[in-house]
Amino acid sequence: MGTPITNPLRVGLRQERVVAPQCLVIFGASGDLTGRKLLPALFELFNQRRLPSEFAVLGCARRPWSDDEFRQRMADCLSEQIKEEPIAWEKFSSNLFYESVDLSQPNKLIKLKERLDSIDRLQATHSNRTFYLSVSPKFYGSGCRALSNAGLLNDPRRSRVVIEKPFGRDFVSAQALNELVQSCGQESQIFRIDHYLGKETVQNILVMRFANSIFEPIWNRNFISSVQITAAETVGVEERAGYYESSGAIRDMVQNHLTQMLALTAMEPPGHFDPEAIRNEKAKVLQAARLADEIEPWNCCIRGQYEKGGTKSSPLVGYRDEPGVHPNSTTETYVAMKLFIDNWRWQGVPFYVRTGKRLAKRVSEVVLTFREAPVHLFDAAGGSPTSNQLVLRIQPNEGAEFRFDVKSPGSGMRSRPVEMEFSYDQSFGEPSDEGYVRLLADAMLGDPTLFTRSDEVEAAWRLYTPLLELIEDSPWQLPIHLYESRTWGPAAADSLLAQDELIWRRP
Ligand code: BG6
């Protein structure tokens, strides 16, 4: 046997590392994610020479494809990239294999084991295996159980499982799923994906905070008056009504992506830069978070749903007219809420979180607003004084900006806000990798830093489960506010901030 995947040295966020010999097994290989995200990310890693020559991808799904058919289908999905790197694709695709596997028939996994053993001999992959569950969430638990029963998770140094979102539907189901997957292997073998953590700019929240000495002393309730976290999309539900109807924006975006951004923004500095130290701090801050009004949540949460909109030449249909959506659906495509974090750093500082589909602009950002100067010595050119603001631009136009007042030119002493800006594009000139490139490499390297641990997932679900239960039991208490497509969401979401004499930032 060759080198196990797990690097015994402490692993933190670091320079590019080459993946150890191994086989990546993708369950759900005929699905959308494999062709759209996973294979392009693997091909990118191959082109960056971060995959070893002893490497294989084994696609698994129910369809009875051959290796060649799988290669051809993946080539169709990656046609644009292949045009640029045809020779590299020739080499890369010779490492792709396919096995027809039905995860709901665990007794058939014996055949999978034999195939993996033969790939080990062929590709020298040393029994190092990463199993990627890109399947329906109802198979996450049973899939892990089947792998464990087949003895495929026996060696924690050589085998791990990557699990896509959603990990559970609420606190109780996430807890049950954690118990189940942890009974199949060690927590160190479980990699729960949140693709936002693969984004360079989300990781940059940590670097901005902890690599600079100027931010940390003011990163607290004494200096920051409020925080806004936004993930706005222009797209609608697209072809995913089947999933989205039973999910909605809280489960689809808030419990995972927005909550991860909140955790990185609000966590304490870790003692060391290693995976567990970071995840400990994220879990701790999420355990201290709560809805601003736990007794009457309708005071701190607004749900919305998009109606038709767009222009005469390109009209957009409303959510209820999308294919697969119930005509009276009350699924939210927009949500805004207010949270508090009850700890020494953040007590009393509101965190406003919002996300929605079919909004005016595609933009994700974290905005920290600082307290106003205690005395206003100067007249403000715009009428009222502004507060300093730090905006961490997650996407697009990745970077950050800081708003501060300067003297407005001319006679007199009027103040006026200006922006100081950092842009990834201008400073580094090259586009950053897709999140899946980073996350796939890290999972295969056994580095869990950018994956969510069981306690983090549970803490995030615990935070929103009262809302989800209320929506299920008494939906009229959290009614749906309709909003026109390509606007900034329902007016009611503005009142959420107006109560605190604030307004949403219009990026
Ligand atoms: C996914 C959600 O997790 O994230 C989608 O299921 C959403 O509904 C997507 O569109 C947004 O990701 P990104 O990277 O485009 O902001």
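Order of appearance sets the numbers: ligands from 1, and atoms from 1 within every ligand.
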(Q) For E233, is there an ion pair with R362 - N to carboxylate O distance below 4.0 angstrom? (A) no

Q. Hey, which atoms in ligand 1 end up nearer than 4.0 Å to a heavy atom of K165?
A. 1 (C), 2 (C), 3 (O), 6 (O)

Q: Number the atoms of ligand 1 from 1 as they appear, then name those within less than 4.0 Å of a heavy atom of K357, with their elements.
A: 5 (C), 7 (C), 8 (O), 10 (O)

Q.
Out of all atoms in ligand 1, which are within 4.0 Å of some heavy atom of H257? Include the element for each.
A. 1 (C), 3 (O), 4 (O)

Q) Should Y306 and L316 count as side-chain neighbours, where that means a heavy-atom distance under 4.5 Å? A) no

Q | Within 45° cone of F167 ring axis and under 6.0 Å: K165 NZ or CZ | A | no

Q: Going by heavy-atom distance to atom 6 (O) of ligand 1, choose the closest among D252, I394, V237.
A: D252

(Q) Can you report which non-hydrogen protein atom sits closest to atom 15 (O) of ligand 1, along with the distance? (A) R362 NH2, 3.9 Å

Q.
For the residue pair R462 and F171, would you count it as a cation-pi contact if the rule is NZ or CZ under 6.0 angstrom from the ring centre and within 45 degrees of the ring axis?
A. yes

Q | Heavy-atom donor-acceptor pair, S30 side chain to A61 backbone, under 3.5 Å | A | no

Q.
Please compare H195, R240, K199, R251 and report which has the shortest non-hydrogen distance to atom 5 (C) of ligand 1.
A. R240

Q) Nearest to atom 16 (O) of ligand 1, what protein heavy atom do you find, and at what distance? A) Y196 OH, 2.6 Å

Q) If you count the atoms of ligand 1 from 1 in the order shown, which ones are under 4.0 Å from a heavy atom of Q395? A) 13 (P), 16 (O)

Q. So is R209 actually on top of F215's ring, under 6.0 Å and inside 45° of the axis?
A. no

Q: Could you tell me the residue and atom name of the protein heavy atom closest to atom 10 (O) of ligand 1, and the distance to it rounded to 0.1 Å?
A: E233 OE1, 2.5 Å

Q) Quick one: does Y244 get a heavy atom under 4.0 Å from ligand 1? A) no

**Q.** Salt-bridge present (R403, E419; N to O < 4.0 Å)
**A.** no

